*Asks:* 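Below: one structure in structure tokens.
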There are 2 protein chains.
Amino acid sequence: MARTTGSDGEKTEAAVREAAVSLIARLGYEAMSMRQLAAEVGVQAAALYRYFPTKQDLLFMLMREHMEGLIEAWRATRPVGADPAARLAAYVENHIAFHIERRHSTHVSNMELRSLSHEKLTQILRMRTAYEKELRAILRDGVEAGLFSIEDTGLTAMALIQMMTGVIVWFRPGERLSIAEVTATYLAMTMRLVGAKSDGATTSHGAVRPFERATDAAAL
Amino acid sequence: MARTTGSDGEKTEAAVREAAVSLIARLGYEAMSMRQLAAEVGVQAAALYRYFPTKQDLLFMLMREHMEGLIEAWRATRPVGADPAARLAAYVENHIAFHIERRHSTHVSNMELRSLSHEKLTQILRMRTAYEKELRAILRDGVEAGLFSIEDTGLTAMALIQMMTGVIVWFRPGERLSIAEVTATYLAMTMRLVGAKSDGATTSHGAVRPFERATDAAAL
DNA sequence: GAATTAATTGAACGTTTGTTTTATTATCCG
DNA sequence: CGGATAATAAAACAAACGTTCAATTAATTC
């Protein structure tokens with residue numbers, strides 16, 4: 001009735017995070033009880049409080065790590081000197097690969113923002129804005145270089161992000177389409193949406209060559 | 001300590017629905033308590049149960065009415081005999097107008113699906129699928145007529161709906177852009193995204209004439 | 001104006017909630 | 001082997017939850 005044989009703080013902590021992401025994604029933050037989470041980990045509810053001070057801190061921790069992972073994945077992938085079309089392609093591929101691979105934590109980070117305190121919400125939104133800013137910069141550069149025809153850079157960036165992130169709503173791995181096919185199609189749609197001129201990486205009818213990286217794109 | 005002067009069932013019921021949509025959109029279904037909802041209406045919690053049997057039935061009622069409204073708005077607007085490009089334009093305009101106008105109930109219908117029982121969830125998803133099917137039919141007709149160039153009709157329909165519905169995440173009435181401007185830009189992006197040939201209602205650079213209906217589009 | 005119906009209150013029900021406290025045991029270090 | 005520390009269980013807390021019930025009053029009907 002106390003410390004159990006084989007118990008290990010690090011393993012428990014990892015199990016808690018994994019279970020929390022899965023449960024919150026499935027039930028929602030408010031609907032998931034601490035006892036439910038504890039049962040999923042195979043532990044009593046009181047034991048959870050070794051790893052975070054409150055339930056909301058757990059949520060914030062999960063969200064912050066998700067955003068940090070997203071920004072880091074982009075930082076490691078982005079082609080710095082390339083032309084806007086190649087940079088846009090890299091952004092789309094990274095975004096889709098990351099979000100498909102982390103469907104659950106994406107769900108959490110997108111749906112549970114309202115459960116954060118004002119202060120914690122601000123921190124998460126700051127990270128999100130920084131990430132979206134990268135896309136706006138690419139679009140702006142593309143317009144200035146005469147490669148894209150866009151009415152409103154900010155609006156287009158939001159539309160693209162909503163479109164791409166929406167993949168997690170309907171995509172299920174192992175069904176009709178592979179990740180590579182989905183990524184290639186979204187890339188083609190993106191290029192047409194921004195009015196990319198058909199040259200360089202794009203084929204004659206406006207579709208874009210798949211860049212042969214979609215399957216292993218998110219090996220962070 | 002009983003019936004209050006001036007009390008009226010119909011007015012209370014309407015006030016309950018309005019307050020519920022607003023509160024659930026802001027706090028989430030699980031986070032909103034019946035006492036909170038009652039206080040917003042100016043009534044005791046017990047009085048709510050005159051108008052629906054359980055909290056979940058209230059949620060279901062709000063979602064069903066939202067979906068019925070969406071389908072009815074499209075039914076009343078759709079141009080039956082027109083060509084695919086005009087039908088697609090009508091779909092986009094109706095969708096955006098409806099969702100901007102009903103931001104709160106859209107939020108509820110999109111975010112709180114997991115709080116429904118399996119049976120009620122199925123009913124809502126059936127309505128949603130029927131609505132999305134209309135878009136897929138338009139895209140398919142456009143492809144067959146040689147007007148659109150699309151890789152995957154189903155995937156493109158989902159991408160478009162996610163993109164358009166996403167408007168409610170960032171759009172706030174009375175800020176930088178008007179509803180008409182947003183709608184026009186989304187229409188242009190949609191037409192490029194589906195690879196619409198530049199003829200008929202579309203201008204030379206792929207943008208689409210606004211159809212002069214965006215502002216009064218959602219007078220249901 | 002009496003009888004009936006509609007609308008609501010206030011109190012109470014048993015559960016469940018997030019969290020704290022205290023005690024207990026496994027593991028690690030010397 | 002013994003003391004320190006890490007990790008947990010078990011029990012308890014007040015507060016809040018959705019919902020029910022009986023009592024009470026306003027509005028309506030005849």
Side-chain angles (χ1 to χ4, degrees), chain A residues 1-24 26-63 108 112 114-117 119-120, chain B residues 1-24 26-63 108 112 114-117 119-120:
Chain A
M1 313 149 180
R3 179 164 189 172
T4 54
T5 70
S7 62
D8 176 349
E10 282 192 34
K11 285 181 183 173
T12 304
E13 179 159 13
V16 167
R17 287 173 197 236
E18 193 180 346
V21 168
S22 166
L23 277 178
I24 296 177
R26 202 160 70 242
L27 311 173
Y29 168 77
E30 294 281 353
M32 178 201 73
S33 77
M34 299 302 270
R35 286 168 180 82
Q36 229 172 334
L37 173 57
E40 189 84 3
V41 178
V43 106
Q44 288 295 318
L48 299 173
Y49 288 84
R50 283 225 135 235
Y51 306 102
F52 44 84
T54 70
K55 188 186 181 187
Q56 197 198 143
D57 283 300
L58 165 63
L59 176 63
F60 177 66
M61 182 176 76
L62 298 175
M63 286 186 171
V108 172
E112 307 296 349
R114 62 186 161 201
S115 295
L116 293 178
S117 67
E119 174 193 342
K120 294 197 181 71
Chain B
M1 316 150 179
R3 179 163 190 173
T4 53
T5 69
S7 62
D8 176 349
E10 282 191 34
K11 285 182 184 172
T12 303
E13 180 160 14
V16 166
R17 287 175 197 233
E18 194 179 347
V21 167
S22 166
L23 277 179
I24 296 176
R26 202 161 69 243
L27 312 173
Y29 168 76
E30 295 281 353
M32 178 201 73
S33 76
M34 298 301 271
R35 287 169 179 84
Q36 229 173 333
L37 172 58
E40 189 85 4
V41 179
V43 105
Q44 288 295 317
L48 299 174
Y49 288 84
R50 283 225 134 236
Y51 305 102
F52 45 84
T54 71
K55 189 186 180 187
Q56 197 198 142
D57 284 300
L58 166 63
L59 176 62
F60 178 66
M61 182 176 77
L62 298 175
M63 287 186 171
V108 172
E112 307 296 348
R114 62 185 162 202
S115 295
L116 293 178
S117 67
E119 174 193 343
K120 294 197 180 72

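A quick note: this is a predicted structure, and the numbers were derived from the prediction, not measured. Just so we're on the same page: letters track the sequence lines, and every chain starts at 1.
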*Asks:* How would you label the contact of B/Phe52 with the nucleic acid (heavy atoms, under 4.0 Å): base, sugar-phosphate, or nothing?
*Replies:*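 It contacts nothing in the nucleic acid.
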*Asks:* Over how many whole Å does the gap from A/Arg50 atom CZ to C/dT19 atom C1' extend?
*Replies:*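 Checked: the CZ to C1' distance equals 15 Å.
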*Asks:* Please list, chain by chain and in numerical order, all residues satisfying salt bridge (Lys or Arg N to Asp or Glu O under 4.0 Å) with A/Lys55, sequence neighbours excluded.
*Replies:* none
*Asks:* At how many degrees, to 10°, do the end axes of the helix from C/dG1-D/dC30 to C/dG30-D/dC1 meet when each uses five pairs?
*Replies:* 10°
*Asks:* Check the interface with nucleotides 16-18 of chain C: list each N/O to N/O pair with the protein under 3.5 Å, or write none.
*Replies:*
{"residue": "C/dG18", "atom": "OP1", "partner": "A/Met32", "partner atom": "O", "Å": "3.3"}
{"residue": "C/dG18", "atom": "OP1", "partner": "A/Lys55", "partner atom": "NZ", "Å": "2.8"}
{"residue": "C/dG18", "atom": "OP2", "partner": "A/Met34", "partner atom": "N", "Å": "2.9"}
{"residue": "C/dG18", "atom": "N7", "partner": "A/Arg35", "partner atom": "NH1", "Å": "2.9"}
{"residue": "C/dG18", "atom": "O6", "partner": "A/Arg35", "partner atom": "NH2", "Å": "2.9"}

*Asks:* Strictly below 4.0 Å, heavy-atom distances to any atom of DNA chain D: list the hits from residues 14-24 of chain B, or just say none.
*Replies:*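 When residues 14-24 of chain B is checked for heavy atoms under 4.0 Å from DNA chain D, there are no hits whatsoever.
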*Asks:* Show me the donor-acceptor pairs, under 3.5 Å and distance only, between side chains in residues 31-45 of chain B and residues at least two apart or in other chains.
*Replies:*
{"residue": "B/Ser33", "atom": "OG", "partner": "B/Gln36", "partner atom": "N", "Å": "3.0"}
{"residue": "B/Gln36", "atom": "OE1", "partner": "B/Ser33", "partner atom": "N", "Å": "3.3"}

*Asks:* Round to the nearest Å and state the distance from B/Asp57 atom CG to D/dT19 atom P.
*Replies:* 9 Å
*Asks:* List for me each residue that meets salt bridge (Lys or Arg N to Asp or Glu O under 4.0 Å) alongside B/Arg26, sequence neighbours excluded, and say none if there are none.
*Replies:* none
*Asks:* Can you tell me how far C1' of C/dT19 sits from CD of A/Gln56, to the nearest Å?
*Replies:*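 Between C1' of C/dT19 and CD of A/Gln56: 14 Å.
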*Asks:* Restricting to salt bridge (Lys or Arg N to Asp or Glu O under 4.0 Å), what partner residues turn up for B/Glu13, sequence neighbours left out?
*Replies:* B/Arg17
*Asks:* Tell me the closest heavy-atom pair linking B/Ser117 and B/Gln56, and the distance in Å.
*Replies:*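 What the structure gives for the nearest pair is N-OE1, 2.7 Å.
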*Asks:* Can you tell me how far the CZ atom of B/Phe52 sits from the CG atom of B/Leu59, to the nearest 0.5 Å?
*Replies:*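 That separation rounds to 10.5 Å.
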*Asks:* Without decimals, in angstroms, what is the distance between B/Leu37 CG and D/dT19 C1'?
*Replies:* 14 Å
*Asks:* For nucleotides 26-30 of chain D, list the nitrogen or oxygen atoms of the protein found under 3.5 Å from its nitrogen or oxygen atoms, one pair per line.
*Replies:*
{"residue": "D/dA26", "atom": "N3", "partner": "B/Arg3", "partner atom": "NH1", "Å": "3.4"}
{"residue": "D/dA27", "atom": "OP1", "partner": "B/Gly6", "partner atom": "N", "Å": "2.7"}

*Asks:* Going from CD1 on A/Ile24 to CG on A/Leu58, what distance comes out if it is rounded to the nearest 0.5 angstrom?
*Replies:* 5.5 Å
*Asks:* Mind running a 4.0 Å heavy-atom check of residues 39-48 of chain B against DNA chain C and sending the residues that fall below it, in number order?
*Replies:* B/Val43, B/Gln44, B/Ala46, B/Ala47
*Asks:* Using the side-chain contact (heavy atoms from CB on, under 4.5 Å) criterion, which residues pair with B/Arg50? Sequence neighbours excluded.
*Replies:*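 side-chain contact (heavy atoms from CB on, under 4.5 Å) list for B/Arg50, sorted by chain: empty.
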*Asks:* According to salt bridge (Lys or Arg N to Asp or Glu O under 4.0 Å), who are the partners of B/Glu112, at least two apart in sequence or on a separate chain?
*Replies:* A/Arg114
*Asks:* So, using side chain to side chain donor-acceptor pair (under 3.5 Å) as the criterion, who are the partners of B/Thr54 when residues are at least two apart?
*Replies:* B/Asp57
